[in-house]
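Taking it in order: structure first as structure tokens, then the write-up.
FYI, side chains are in, hydrogens and waters are out, and symmetry mates aren't considered; it's all heavy atoms of this structure. Letters A, B, ... are given to chains in the order of the sequence lines, protein chains preceding strands, and every chain is numbered from 1.
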Amino acid sequence: MNTEMLAMILAGGQGTRLGKLTRFTAKPAVPFGGRYRIIDFALSNCSNSGVNTVGVVTQYQPLELNAHIQNGASWGLAEKNAGVTVLQPYASSEGEKWFQGTAHAIYQNIAYIDLYSPKYVLILSGDHIYKMDYEAMLAYHKAQHASLTVGVLPVSMDEAPRFGIMNTDETNRIVQFEEKPKHPKSNLASMGIYIFNWAPLKKLLMDSYSTDGRMEDFGHDVIPAYLNRNEPTYAYAFHGYWKDVGTIKSLWQANMEFLEPDNPLDIDDRNWRIYSRNDALPPMFITETAKVHRSMVVDGCYVAGEVDHSVLSQNVKIGTGSVIKDSMIMPNAVIGKNVTIDHAIVGERAIIGDGGQVIGSDDDIAVVGFQEVLGRMEEDK
Amino acid sequence: MNTEMLAMILAGGQGTRLGKLTRFTAKPAVPFGGRYRIIDFALSNCSNSGVNTVGVVTQYQPLELNAHIQNGASWGLAEKNAGVTVLQPYASSEGEKWFQGTAHAIYQNIAYIDLYSPKYVLILSGDHIYKMDYEAMLAYHKAQHASLTVGVLPVSMDEAPRFGIMNTDETNRIVQFEEKPKHPKSNLASMGIYIFNWAPLKKLLMDSYSTDGRMEDFGHDVIPAYLNRNEPTYAYAFHGYWKDVGTIKSLWQANMEFLEPDNPLDIDDRNWRIYSRNDALPPMFITETAKVHRSMVVDGCYVAGEVDHSVLSQNVKIGTGSVIKDSMIMPNAVIGKNVTIDHAIVGERAIIGDGGQVIGSDDDIAVVGFQEVLGRMEEDK
Amino acid sequence: MRESEMCAVIDLNEPSQDLAPLTNERPVGTMPFAGRYRLVDFPLSAISNAGIRTAGIFLPRSSRSVEDHIRSGQAWDLDTITGGVFSFPYVATRDYSDPVNIHRYYDNYLTFLIKSKSRYVFITGARNVSNLDVNALLQFHQASPNPISAVYRSVPTTMADPDQEGFVLGEDNEVIGFAPSHELPERTSDHTKPISMQMYLTRTDYLIELLSRVQNSGEFTRLPQLLHEEIVSAQANAFEYTGYCATIHDIQSYYQANMDMLNEENFHALLFSQRAIFTKNKNEAPTYFAPEADVLGSLLGTGGQIEGQVRHSVLFRNVTVEDGAHVADSIVMQSSHIGKNAMLSCVIMDKGCIVGPNVKLQGTSSAPIVLAKGTTILDQAAAEEVLQS
Amino acid sequence: MRESEMCAVIDLNEPSQDLAPLTNERPVGTMPFAGRYRLVDFPLSAISNAGIRTAGIFLPRSSRSVEDHIRSGQAWDLDTITGGVFSFPYVATRDYSDPVNIHRYYDNYLTFLIKSKSRYVFITGARNVSNLDVNALLQFHQASPNPISAVYRSVPTTMADPDQEGFVLGEDNEVIGFAPSHELPERTSDHTKPISMQMYLTRTDYLIELLSRVQNSGEFTRLPQLLHEEIVSAQANAFEYTGYCATIHDIQSYYQANMDMLNEENFHALLFSQRAIFTKNKNEAPTYFAPEADVLGSLLGTGGQIEGQVRHSVLFRNVTVEDGAHVADSIVMQSSHIGKNAMLSCVIMDKGCIVGPNVKLQGTSSAPIVLAKGTTILDQAAAEEVLQS
């Protein structure tokens, strides 16, 4: 087997900042935009970029993520000598292997990567919403004769202190990396997307673990080492829509932005589709008592109430007299009658009983957790 | 989702008794009979018995096992709301989960099992060679109104002290379980195959882990507890060919038995096929200098030497002048010229250089490990 | 092995002339239905839900749409190594005075039945839209005395189409004859008549023997006719199906069945029961309801863009309803586009139709206007032209 | 998106009359080859190895064996969501004086090409058995001046079939004409002639335009003929294929190509190269060599039972050679059975043939005996009968 570039999606995070939404699932399996889960974006980008061998590294509550990914066929990634492999911790004759950081997770999966003898390894995060052509980034990587290319996003100088910032020379070569600099010298924020030449990265990791200098994290350990050793390390600027949805606030915001008709994510673009697993669901049913505006609705929804500026996911039920406003409702949630939901995220399989109220604000998004039950339903045939 | 009976295959063992053959792979992924891996028997039995939801529990070197199983389609087990899921250790908000024993492995995967709400759970081992109809065993379990049915094999009284022995009353109800009794009262050896009613088993496991009485192992903890509590526990006798291939000797023996024309395993029976993953390989090539007798040969083999009473697996090459006798050669092994192999198992991707000798005896089977290289090849176009 | 307990034959050669122009390029079996489905999804899902993994599809003349839809059969678990979809080419126009063709006709069925290695075979078409529990039918059959079972439903006399064929039932509820509905006696208990659903279940070896017998006789009788005769002569056990069912035989019945799905009870009975209806999957974005969207009492597929008013209609995927448009009591198939301020009432738009701004099309529920696939109507003059042709 | 860089058209309408009875129920494209394959596996694997995920298969008259073999296309990764196998029904016997049929003929190709959204299209048949690197052809095409490229191989003059068609090449290696091999000038440098492999590569939009032009002209020219004319008028770039290739056009060439695979060099070049040949998978047990088995210089499939002597032969899967039987220089297809002490030499047995004990069948390498599918010869008298018929 021989694959030019293999992708490793780091989907291991527990996503504690997403609180109740990730108590029983890994962050990349969190629903987004009515029809998707967060990891669909990275997987679809891989598929559309012709990267058809993908390892998904996870160690936290993998059941739903596994059931979602299956063999990768939903993203066109189930080919012979390629495909999606979910990589979990395992025991070897040297002992049990947990992942201690981004770079350590790659180190622990060297045997998997070597199965495909890739020339390049693309490192991705499983919790970003964006559309990006990794093939174009690889072409850039080759043109620069780089050993490492880092995907960067130009941000405003105001925001720059919140990010890892890459300072580059006039050829885009990275000369310095600063984690959350108080006085940033550049506005190029690391997206956590890397293309490495596999051979030198593998050597670096193996050397580091055979000595004391363990490289656990790409940002903290590996990039500084590359700069130190004067490895050709370049920045590749991405200019499209990109959102880290690692917090309740940013997840809510990204869903609200998704509702904008001119959202730069352009989900309808048939030349860069976002794929997802498809369930067998009936079409959406909008009853005689419904009102739906400025909203996204999908298969399996049953809407008898009012939905305004909100995202409804698959199989959501909204009872009569209820009002859903500026909210994101996750799959299989059931909202009773005369419920008010405003500035909220309602988790998968949650149940909001009749007359319930879930009201947040711009600064404090209300959250109902996975399978959480609030109040009770009236008897109803 | 609702599945009547779900199977859990315990494939976690490192198989240390198989030594060099399992250094880089889990025991159930060890090749058998030229075309198969050990776990193919349990998976094919499930498929043929109509058990189409299967969890494979593993924690040791899962890469090859994962690549072999993929989505289960090779065994007809890739249906909607069913299928094969490889279950590895993972972290939850309560901490990291390794499997400490057979019953503990089930306990750790309760969330997976509950996805399918099965009425019955079938527990299997991934390292036995046999053909068994689990549907018939389930029918027996129901007819007896059992809470637990244990698959047992009648062995000779001489052998009985080597096994876990079930003592039964005249209705086949198990009244006593003795682990390797010096003076056995019965010849019914446990095969490590159980059908449990899921609800009471789940309760027992959860109760045991919420107190101090942790149930780690089925034989050691769970069966005694069932007998103590007077749960209806029955023995179901199996009368066909059955072989535990947990040691080098027994693995070699099972392969030699596989060569017997009247082998009771009856691999050719088209009503109970043993499925496996199929690779794209050319037909076997038997050259002008070959001699092949009393042997099994498969796709991708190239035979220029003599093969007598041996099993050749996929893509094995045997050079001119070599003699392979009473041996099992695993996939992708390359045997040079003028090599002698006798009473041996040659591991996957091993290379035996020209003139090499690998000679064992009935009592001491010689083993060449996975990817092991002995000697070197002459230059050859 | 459960997989081979039953196999299924789906015969898509069903009368379609009264459904033109919707059936110009497709058989009845691939007509779009209820915003998401094709009619053949119902028999395919019924057999899938019953654990059947081997199906023979007897193709109609326009087979492209059938093959495009079913493909490997994966959506219905019909792509496993132990089963599969086997399609048989259209044969109806061959010359059946030629003994070779007669022989081949039966051989197609026999080959499939023998290869299926099944004990029972379920035979159905696609035009009777229903959600049948095939396992219940099997259990009924196994408990019944006669070698073949036939499915019917009880239709209130007032609702029965006079030409639809029904069963004359004997004392033990066995089929003793056929008659068009208007000739059948009403069952006094509930004022209904037993109408055939053209679905049958029998032992595979029984059907093999029947087909071989006819094949060797040299006579030529098509399978539907053969079964027709057989269920009377063998006094088939009559199995009553009690769920929602509609027979799609003309534009009016097709229109009505779609409108039926806007009734919640029918919708749940057919589409949201224990036995899910599976269909070919499509990756579409969610449907966007614009600020001025006003949708009531309707079914919608994904990928839509709704800016106007929609009332009591069925919209398939990727439909655009522009600002100010009104769509009422209509069926709008995939990728159709309705322009600004257009007014549609009782219209059936096939796939990829375009109605321009301000165009008015007003049908009636008994005679809906039908736009054939790809029709483009840019202004009212064009509309008049289309309506008159 | 790499997936849509290229699509492929495989046209299985190839001359088969000289291959009877092996082609009685199958086209050339599904003839079994080399103990494991069907001829169509070679073009399918070539496109799969080049990353092509969208293929149009133009079906021949007997399409059952093609559909049974290809199914969803999974074995060649042709079942992904971004691609697929699209099969087009047999159309050769339609009446092409009817403008509707002419229009449809081109529509089939055009629909496929437009839906493929590809930049390039590779067009091939199945009878030229080879292991072509389609990506190398694409690179060659992209670096060449003319809008279409055509593949040829150099055949030594002494080996060239006089009727096979070759290229007349211009100074820059462009195709300027066609001629049967015997009329072609020999290339003096290596005493070979450039023989056409009937494989082409062109831009998809170029082919779409060509087909639309012909469609609109109202004239009828089949695609192979059209390409034939086009590569001369467009002066196609000629791409030389240098690997193993055999053209299967009659029994003798079919027999010889199989025998060629017993030569290790050919075997490795065609079947064991970097570009693997994929085929439909079958679960078979290993082949058992009994104590008295005596096999030399042969290829064997799995599932076999070998008790007798096999020399220089090609055996497919599930073949039984009983004790004392001798099989030499023969091709024995799937599920055939050779009885005790039977003697076969230069015989081609199609699938499921049975040769009884002690039967002797002796062909020659230039005129092998061919047993049609399912032939049973229980004794020598029956053998004589078969040979004389």
Side-chain angles (χ1 to χ4, degrees), chain A residues 32-36 40 44 47 73-76 78 255 258-261 263 265-270 273-304 306-317 381, chain C residues 32-37 41 45 48-49 74-77 258 261-265 267-268 270-273 275-307 310-320:
Chain A
F32 177 82
R35 280 278 283 121
Y36 311 97
D40 290 341
S44 300
S47 177
S74 298
W75 298 268
N255 275 286
F258 191 67
L259 288 171
E260 292 308 305
N263 176 10
L265 186 59
D266 196 8
I267 195 77
D268 284 326
D269 179 6
R270 292 188 168 248
R273 286 188 192 236
I274 301 302
Y275 303 105
S276 188
R277 196 164 63 90
N278 284 293
D279 290 327
L281 295 172
M284 60 194 87
F285 197 133
I286 313 293
T287 76
E288 296 287 349
T289 58
K291 274 190 192 170
V292 189
H293 311 274
R294 304 193 298 166
S295 294
M296 295 281 201
V297 187
V298 301
D299 290 339
C301 285
Y302 172 93
V303 183
E306 185 179 340
V307 179
D308 183 26
H309 200 250
S310 293
V311 174
L312 305 190
S313 308
Q314 294 177 327
N315 258 344
V316 163
K317 292 195 179 27
K381 199 199 82 80
Chain C
F33 183 71
R36 172 127 206 216
Y37 306 98
D41 291 336
S45 299
S48 182
N49 286 319
Q74 193 197 10
W76 304 272
D77 283 337
N258 275 282
M261 288 303 107
L262 299 173
N263 171 297
E264 284 190 37
E265 207 172 303
F267 175 80
H268 279 97
L270 192 66
L271 304 177
F272 229 137
S273 79
R275 293 182 299 284
I277 305 301
F278 305 104
T279 187
K280 189 172 136 182
N281 285 323
K282 288 286 173 188
N283 278 286
E284 296 291 351
T287 286
Y288 179 69
F289 292 73
E292 49 299 341
D294 173 12
V295 181
L296 290 180
S298 296
L299 284 177
L300 293 88
T302 43
Q305 182 80 15
I306 312 296
E307 298 167 358
V310 178
R311 291 280 180 278
H312 201 255
S313 292
V314 174
L315 275 56
F316 289 73
R317 64 192 174 88
N318 285 332
V319 167
T320 301

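Using a 4.5 Å cut-off on side-chain heavy atoms (C-beta onward), A/N315 and C/F272 make contact. For the pair A/L281 and C/R36, the minimum side-chain heavy-atom distance is below 4.5 Å. Between A/P283 and C/F316, every side-chain heavy-atom pair lies at or beyond the 4.5 Å cut-off. Considering only heavy atoms from C-beta on, C/T302 comes within 4.5 Å of A/D299 through its side chain. Residues A/T287 and C/E264 form a side-chain contact, since some pair of their non-hydrogen atoms from C-beta on lies under 4.5 Å apart. In this structure, the side chains of A/I286 and C/L300 come closer than 4.5 Å at one or more pairs of heavy atoms.
Contact count versus chain C (heavy atoms, under 4.5 Å) is highest, among A/V311, A/V297, A/V307, for A/V297. The most heavy-atom pairs under 4.5 Å with chain A, out of C/L315, C/L296, C/L270, come from C/L296. Note on A/S295, A/G34, A/C301, A/A304: by heavy-atom pairs under 4.5 Å with chain C, the leading option is A/S295. When each of C/A293, C/S298, C/G35, C/A285 is checked for heavy-atom pairs under 4.5 Å with chain A, C/S298 comes out on top. Residue with the most contacts toward chain C among A/P282, A/A280, A/G300, A/P261: A/P282 (heavy-atom pairs, distance under 4.5 Å).
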Stepwise, does the salt bridge (Lys or Arg N to Asp or Glu O under 4.0 Å) test hold for A/R270 with C/E284? CA-CA 9 Å; A/R270 292 188 168 248; C/E284 296 291 351; 2.7 Å; yes
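In this structure, the side chain of C/N283 does not engage the main chain of A/R273 through any donor-acceptor pair within 3.5 Å.
Using the six-membered ring where Trp is involved, A/F285 and C/F267 have ring planes that are perpendicular, over 60° apart on the 30 and 60° scheme.
Of the two parts of A/D308, neither the backbone nor the side chain holds a non-hydrogen atom closer than 4.5 Å to a non-hydrogen atom of chain C. Interface remark: C/D41 contributes no atoms to any contact with chain A (heavy atom separation under 4.5 Å). Contacts between C/A75 and chain A at a heavy-atom distance below 4.5 Å are absent for every atom of the residue.
The existence of a salt bridge linking A/R294 and C/E292 is excluded, since no basic side-chain nitrogen approaches an acidic carboxylate oxygen closer than 4.0 Å.
Nearest heavy-atom pair, A/Y36 versus C/P286, reported as atom, atom and distance to 0.1 Å: OH-CD, 3.9 Å.
Of the inter-residue distances, the one linking C/F289 atom CZ with A/M284 atom CE reads 5.5 Å to the nearest 0.5 angstrom. Distance NE2/A/H293 to OH/C/Y288: 11.0 Å, rounded to 0.5 Å. Distance check, rounded to the nearest 0.5 Å: CG of A/L312 to OG1 of C/T287 gives 11.5 Å.
More than 12 heavy atoms of other shown residues, nucleotides or ligands fall within 6.0 angstrom of atom CD in A/E306. Annotation: A/K291, atom NZ; neighbour count of heavy atoms from other residues, nucleotides and ligands within 6.0 Å does not exceed 12.
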